[in-house]
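Structure first, then comments.
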Amino acid sequence: MRICIIQSCYIPWKGFFDLLGRCDEYVIFDRVQYVKGHWHNRNRIKTANGVNWLTIPVLTKGRYEQPIDQVEIEKPWADKHWRALELAYKRAPFFEQLAPTVKGWYERADKQARLTDVNTTFLHGIVGLLGLKTRIVRDAVYPAAGTKTERLLGIAQAAGADRYLSGPSARGDFKEAMFT
């Protein structure tokens with residue numbers, strides 16, 4: 001069984017879905033520390049005026065060590081993000097066809113209080129749109145202890161995985177030799 005274990009982010013990059021499609025199970029690794037300025041709550045879009053950042057406002061003051069799954073949304077944000085996407089892409093091929101679906105994701109996400117639930121809304125929406133059959137679970141369903149590498153390995157073993165797939169940027173985050 002192939003598994004990938006990756007922290008949630010706001011609308012993952014296209015290579016993420018390629019990786020996910022090659023796995024039997026994806027574990028949302030959200031019991032780890034939220035990192036301010038990371039992709040957990042922000043992403044970029046291309047606009048006529050260049051790159052525009054879309055950032056979900058979250059509560060971080062005095063919560064430095066909070067795990068991703070505990071990060072709360074600070075104020076309304078979804079309508080602003082949807083309008084930015086609509087303005088940037090309304091003339092793009094297939095926009096009219098996909099707009100009601102994507103707008104629906106934003107409407108559902110806007111009702112969420114926690115960042116991880118917002119990210120999961122978009123994750124499941126895109127996975128469904130792509131027709132991927134990968135099982136998706138949160139890391140809370142598996143016991144995890146120790147260093148980051150030990151936690152990843154523990155999750156993989158508890159899931160019954162015999163192969164662990166990760167993105168190229170994750171290589172520096174864990175000790176590959178422990179997985180052999």
Side-chain angles (χ1 to χ4, degrees), residues 1-45 53-74 77 105 108-109 112-180:
M1 182 182 81
R2 294 166 301 204
I3 193 170
C4 61
I5 307 166
I6 303 172
Q7 299 171 14
S8 72
C9 59
Y10 177 45
I11 310 176
W13 68 103
K14 65 182 178 178
F16 168 86
F17 293 99
D18 178 57
L19 178 67
L20 196 79
R22 293 185 285 134
C23 290
D24 300 298
E25 184 171 301
Y26 162 53
V27 180
I28 302 170
F29 196 46
D30 275 357
R31 289 189 299 167
V32 295
Q33 184 176 346
Y34 169 81
V35 179
K36 194 172 180 178
H38 198 271
W39 299 95
H40 305 305
N41 68 313
R42 65 188 193 143
N43 212 321
R44 300 180 297 204
I45 61 170
W53 283 96
L54 299 179
T55 303
I56 300 170
V58 296
L59 296 169
T60 58
K61 188 174 182 177
R63 302 175 183 203
Y64 176 71
E65 294 186 16
Q66 71 180 325
I68 299 166
D69 66 355
Q70 296 300 311
V71 175
E72 296 177 49
I73 308 282
E74 185 174 17
W77 60 275
W105 299 341
R108 282 193 300 283
Q112 302 300 324
R114 296 197 188 270
L115 177 63
T116 194
D117 297 323
V118 167
N119 291 345
T120 301
T121 297
F122 287 99
L123 171 70
H124 283 286
I126 297 168
V127 162
L129 196 63
L130 295 173
L132 300 176
K133 302 297 181 199
T134 306
R135 180 174 182 242
I136 300 171
V137 299
R138 293 184 189 256
D139 60 352
V141 303
Y142 295 116
T147 66
K148 185 170 184 176
T149 301
E150 291 167 340
R151 291 176 74 185
L152 293 171
L153 184 57
I155 290 170
Q157 289 172 330
D162 58 359
R163 286 185 252 160
Y164 174 68
L165 281 71
S166 70
S169 64
R171 277 224 165 111
D173 291 344
F174 68 95
K175 297 176 183 156
E176 216 173 318
M178 289 179 70
F179 281 79
T180 57

Considering non-hydrogen atoms only, spot the tightest contact between I5 and Y164 and give its length. O-OH, 3.6 Å

Which class fits the ring pair W105 and F122: parallel under 30°, tilted 30 to 60°, perpendicular over 60°? perpendicular

Does any non-hydrogen side-chain atom of I3 lie less than 4.5 Å from one of V27? yes

If we only count heavy atoms from C-beta on, is the V137 to E25 side-chain gap below 4.5 Å? yes

Can you label the angle between the Y26 ring and the F16 ring as parallel, tilted or perpendicular, going by 30° and 60°? perpendicular

Does the pair S8 and D30 meet the rule for a side-chain hydrogen bond (donor to acceptor under 3.5 Å, both in side chains), with working shown? CA-CA 7 Å; S8 72; D30 275 357; 3.1 Å; yes

Passing candidate, side-chain contact (heavy atoms from CB on, under 4.5 Å) with Q112, options V118, I73, T120: V118

Contact summary for Y10 and N119, nearest pair of heavy atoms: CA-OD1, 3.3 Å

Can you tell if the side chain of H40 reaches within under 4.5 Å of the side chain of V58, non-hydrogen atoms only? no

Is the shortest heavy-atom distance from the side chain of Q66 to the side chain of V71 under 4.5 Å? yes

Flag side-chain contact, heavy atom, 4.5 Å: I136 against I28: yes

L115 side chain reached by I56 side chain, heavy atoms, under 4.5 Å: yes

Under 4.5 Å between any side-chain heavy atoms of L19 and I6, yes or no? yes

Give a yes or no on whether the backbone of R2 and the side-chain of D24 come within a donor-acceptor separation of less than 3.5 Å. yes

Could you check if a side-chain atom of Q70 sits within less than 4.5 angstrom of a side-chain atom of Y34, using non-hydrogen atoms only? no

